[in-house]
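First the proteins, then the strands, lettered A, B, ... as listed; each starts at 1.
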Number of protein chains: 2
Amino acid sequence: MKIEILPKNENDAIQKEIISKIRDYINYKNLEPGDKLPSERKLSENFGVSRSSVREAIQTLEFYGLLKSKPQSGTFVADIGSVALNGMISDILRLEKPDFKSLVETRILLELKTVRLAALRRSKEELKEIEEALEAYATKVMSGEDAVQEDLLFHLAIAKASGNSTINTFMLTITPEIITNFTKYHVCDKNIAFIGIQEHRDIYEAIKKQDPQLAKEKMKVHFKMLYQYCYNIKD
Amino acid sequence: MKIEILPKNENDAIQKEIISKIRDYINYKNLEPGDKLPSERKLSENFGVSRSSVREAIQTLEFYGLLKSKPQSGTFVADIGSVALNGMISDILRLEKPDFKSLVETRILLELKTVRLAALRRSKEELKEIEEALEAYATKVMSGEDAVQEDLLFHLAIAKASGNSTINTFMLTITPEIITNFTKYHVCDKNIAFIGIQEHRDIYEAIKKQDPQLAKEKMKVHFKMLYQYCYNIKD
DNA sequence: TTTCTTAAATTGGTTAACCAGATTGGTTTT
DNA sequence: AAAACCAATCTGGTTAACCAATTTAAGAAA
């Protein structure tokens, strides 16, 4: 059993450096929204790194909506001003992997909203998808198997029915990490899972009845143990 | 003035196809959490696409936490089960660019939380950063200039002080789009911006006093016009 | 048989050359 | 002078060859 100093992913560090250089370039040249960046070739030459490294850095900044590259044309600064651009890049460079506590805290916040919206807005098709996810979860639990995945898919079905694509996306991004940690720390033991079936069913019924307040209450009940867990785990 | 059928970015479509094929492969081979995918070369050969296309698709899936590639070793399936993996990839493939309405709705949700948390948890340094952002905003407005960026940076400073890295990241991802739309639709006209100064100051004071309830109330006041706007704009 | 050594094969990352479409600037045409 | 044309150039995207670190398995040593 060797003690590892965390590898401190070297590649991430390189990419952050490139992103930082792109920001410096934009500032130095006073590029404004819609302006074109130099070609990938010139940037890579300029920075002394490979073109694919530059491309990856650009892809990351595209993901955050700060750049937009058009084929056979160029890479362009997004329609936000330089102040916001600088502030956001600084924040992106400083970003660290979210801690589990903040993940759970955020999940609760998001889901208390999605469940209300789902009750208000769900279509018949979306309701059916939620029901199918519910049944899949119940079946898995009754057969005595671990059902963390089916649990989360039920919640994702609700997020999808909320009609808010942004929250839906956010739920998607935090779910893998949630599943990993739940499995690792055995947050959802089998005895708890049995209770979970009824709690899920209550949530489903509230959404079916289109009662947002009730849905939120039932979700709160469902999160009760999660609340405690969230505020007791060690950082 | 030509009417454009939206270009329907071809590259995105190709990447989605590759992601779909990766999912199919994982299912066909019944790969489980931690299992290794074939090398990028074999995948690209298998799919009949370039290796860099495969790499980009993998990078996207890495971003969502579904894959993890290790240098000189291989690409591995994340520690989530096949059910969740399939569900999430399906959702990712179906993701569309968030509509403005959902962005604003989500922003309000997130910020009513960050402002409470910031009041509870902010350090002296973070309080000072919020104050600086406030002053920068006020100065810009008083000089009669557009201050959408400084406005959002004030809110981002609060998000940073919330101590919740997940919400902070989410705020970062939606901010550029918010700025773009606010600028485009002139949501924050100059006369409104003047009122905004005092509203910002009220929020700042509540955070300074470490009064989460007051902070939330002041943020609600600040969002009042946004509420209306959010529920009146055309889709 | 088990353990250690070591060299060949495999890996993700990098580099450089190539492609087709977009851009550009000078030329021709009107 | 202004519009239309066209070829040279530049662009992001793709491909293929290369690199160094890692993994592997075959063989030597115990």
Point to revise | A:Ser39, nearest nucleotide to its side chain (from D:dG12, C:dT14, C:dT11) | key: D:dG12
Show each protein N/O and nucleotides 16-23 of chain C N/O combination with a separation under 3.5 Å, one pair to a line.
residue, atom, partner, partner atom, Å
C:dC18, N4, A:Arg41, NH2, 3.0
C:dA22, O4', A:Gln72, O, 3.4

Could you state the atom-to-atom distance from [atom1] of [X] to [atom2] of [N] in whole Å?
X	N	atom1	atom2	value
B:Glu56	C:dG12	CD	P	16 Å
A:Lys42	D:dT9	NZ	P	14 Å
A:Glu62	D:dG12	CD	C1'	10 Å
A:Glu40	C:dT14	CD	C1'	15 Å

**Study point:** Centroid-centroid distance, A:Phe154 to A:Tyr137, less than 6.0 Å
**Key:** no
Review point. Does the side chain of B:Asn27 come under 3.5 Å of the side chain of B:Ser82 through a donor N or O and an acceptor N or O?
Key: no
Check your understanding: Between the side chains of B:Thr166 and A:Ser102, does any donor sit under 3.5 Å from an acceptor?
Key -> yes
Practice item. Could you label the plane-to-plane angle of the B:Phe100 and B:Phe182 rings as parallel, tilted or perpendicular, counting under 30° as parallel and over 60° as perpendicular? Key: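 Ring orientation, 0 to 90° scale: perpendicular.
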Practice item. Classify the ring geometry between B:His200 and B:His155 as parallel (under 30°), tilted (30 to 60°) or perpendicular (over 60°). Key: perpendicular
Point to revise | Counterpart residues, ring-ring contact (aromatic ring centres under 6.0 Å, His included), relative to B:Phe63 (two or more places apart) | key: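 In terms of ring-ring contact (aromatic ring centres under 6.0 Å, His included), with neighbours along the sequence ignored, B:Phe63 is linked to A:Phe63.
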